[in-house]
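Here is how names work: the chains are called A, B, and so on, in the same order as the sequence lines, proteins then strands, and each is numbered from 1. The structure presented is a predicted model; accordingly, all values stated were derived computationally and were not measured.
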2 protein chains.
Amino acid sequence: MLKKLENSKEACDIHHRAIRDTMDILSGKWKLQIVGSLSLGKKHFGGLMAHIDGIGAKMLSKELQDLELNGLVKRTVYNTKPITVEYELTSYGNSLQPLVDEIVAWGMQHRRKLRDKD
Amino acid sequence: MLKKLENSKEACDIHHRAIRDTMDILSGKWKLQIVGSLSLGKKHFGGLMAHIDGIGAKMLSKELQDLELNGLVKRTVYNTKPITVEYELTSYGNSLQPLVDEIVAWGMQHRRKLRDKD
DNA sequence: CGGCATCCTCGTAGATACTG
DNA sequence: CAGTATCTACGAGGATGCCG
C-alpha cells in the first residue's frame, strides 16, 4: 500500500475526473430518478412515466437512451398488440445501487434536518 | 421493524423525493467538485479556481453561495491587505463525504471498465 | 403504447470588463 | 485577491402533434 502520493496534484486530478465521469453519466434532472425507479424492478415506458412524476415522454425517452448507451439499462421490445417496451437495470446499472442509496439516505436526513430547524 | 410497506406508493415517493432533494442541492456541473475539493482542506477562492480546472469566477462564486446557503460551506473573510476569503466544509458539508466517496469510487471503476473494453 | 419531430422558452454558463 | 455586472449563446427541457 504505497499510496503515499494521495495528496499529490495527480491524485487530485484523478479524484476530480472520477467525479466528473460519474456526473456526466448521471447528469440531468432525471437519470438518477430513473435508475432509482428501475432499481425497484423492471418497468414499462408508461410505468416509468407514471412513477416519475413530472417527466415528459421526450425527456424520459432521451434519458433512457443515454442510460442504455452507457450500459446501465437494458431495453426489451415485445411485439405485443400495441407494442410494449420493458426497461430494466443491467448488472452494471445495479452497481450504482450503493451510490443511489447514499443519495437517498442523505436526502432523507437532510429533509429531517430542515424540519427540525424550522 | 415494521417496515413492511417498503414497496408502497408512499415509500417510493419518499425515495424519489430524497433523490430530488439531494440533487437539487448538488446539481450543476460544479458543486460536487467543489465539495470534493474542500473535503481535502480549506481553500481560498483563488485556490479553488486553480484546483477545479475549467470553472470561471462567476460560476465558482455562485456555486459557493448556493452551498453556503444550504449550510454545507463556511465562508470566512480576512481583512488582509488584498482581501482574502477562505472556504471550508461545515460539519454538515462533511456529511456528504460518504456520498462523494461513492461517486469517486464508481467513476474510477467506470473508467477502468471502459479501458478494459476498448 | 412507445417514441420521434418540431417548435419554443428559459435557465445555465462562458467571456469580458469593472470595483473594493 | 475576490468578487460583481453585463452581454451573449447554447442547450436542457416542456408542449404538441404525428407515426409504427
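Residue pairs satisfying the salt bridge (charged side-chain N to carboxylate O under 4.0 Å, His left out) criterion with at least one member in residues 16-28 of chain B, sequence neighbours excluded, are listed as follows: A/R111-B/D21. For the side chain to side chain donor-acceptor pair (under 3.5 Å) condition, no pair includes a residue of residues 38-48 of chain A, sequence neighbours left out. Residue pairs meeting the salt bridge (charged side-chain N to carboxylate O under 4.0 Å, His left out) criterion with at least one partner in residues 67-81 of chain A, sequence neighbours excluded, are A/K74-A/E88.
Within residues 15-32 of chain A, no residue places a heavy atom under 4.0 Å from DNA chain C.
Taking 4.0 Å as the cutoff to heavy atoms of chain B, we find the contact window on DNA chain C bounded by C/dA13 to C/dG20.
Evaluation of the side chain to side chain donor-acceptor pair (under 3.5 Å) rule for B/N70 yields no partner, not counting sequence neighbours. For B/A105, the side chain to side chain contact (heavy atoms under 4.5 Å, CB included) criterion is met by no residue, not counting sequence neighbours. When the side chain to side chain contact (heavy atoms under 4.5 Å, CB included) test is applied to A/E102, the partners found at least two apart in sequence or on another chain are B/P98, B/L99, B/E102. Listed by chain and residue number, B/K31 satisfy the side chain to side chain contact (heavy atoms under 4.5 Å, CB included) test with B/S27 (two or more places apart in sequence, or in another chain). Legend: residues meeting side chain to side chain contact (heavy atoms under 4.5 Å, CB included) with B/V104, ordered by chain and number and at least two apart, are A/H15, A/A18, A/I19, B/V100, B/M108.
Distance OH/A/Y87 to CG/A/L38: 9.5 Å, rounded to 0.5 Å. Rounding to the nearest 0.5 angstrom, the gap separating the OG atom in A/S95 from the CG atom in A/L89 is 9.5 Å. The CH2 atom of B/W30 lies 13.0 Å from the CE atom of A/M23; values are rounded to the nearest 0.5 Å.
In terms of heavy atoms, B/M49 sits closest to B/G56 at SD-C, 3.8 Å.
Taking atom CD1 of A/I34 as the reference point, atom P of D/dG13 lies 10 Å away to the nearest angstrom.
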Identify the pairs formed between an N or O of the protein and an N or O of nucleotides 2-9 of chain D at a distance under 3.5 Å, and give each distance.
| residue | atom | partner | partner atom | Å |
| --- | --- | --- | --- | --- |
| D/dA2 | OP1 | B/V85 | N | 3.3 |
| D/dA2 | OP2 | B/G46 | N | 2.8 |
| D/dG3 | OP1 | B/R75 | NE | 3.3 |
| D/dG3 | OP1 | B/R75 | NH2 | 2.5 |
| D/dG3 | OP1 | B/Y87 | OH | 3.4 |
| D/dG3 | OP2 | B/Y87 | OH | 2.6 |
| D/dT4 | OP2 | B/S61 | OG | 2.7 |
| D/dT4 | OP2 | B/Q65 | NE2 | 3.3 |

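With axes fitted over five pairs at each extremity, the angle between the ends of the helix from C/dC1-D/dG20 to C/dG20-D/dC1 is 50° (10° resolution).
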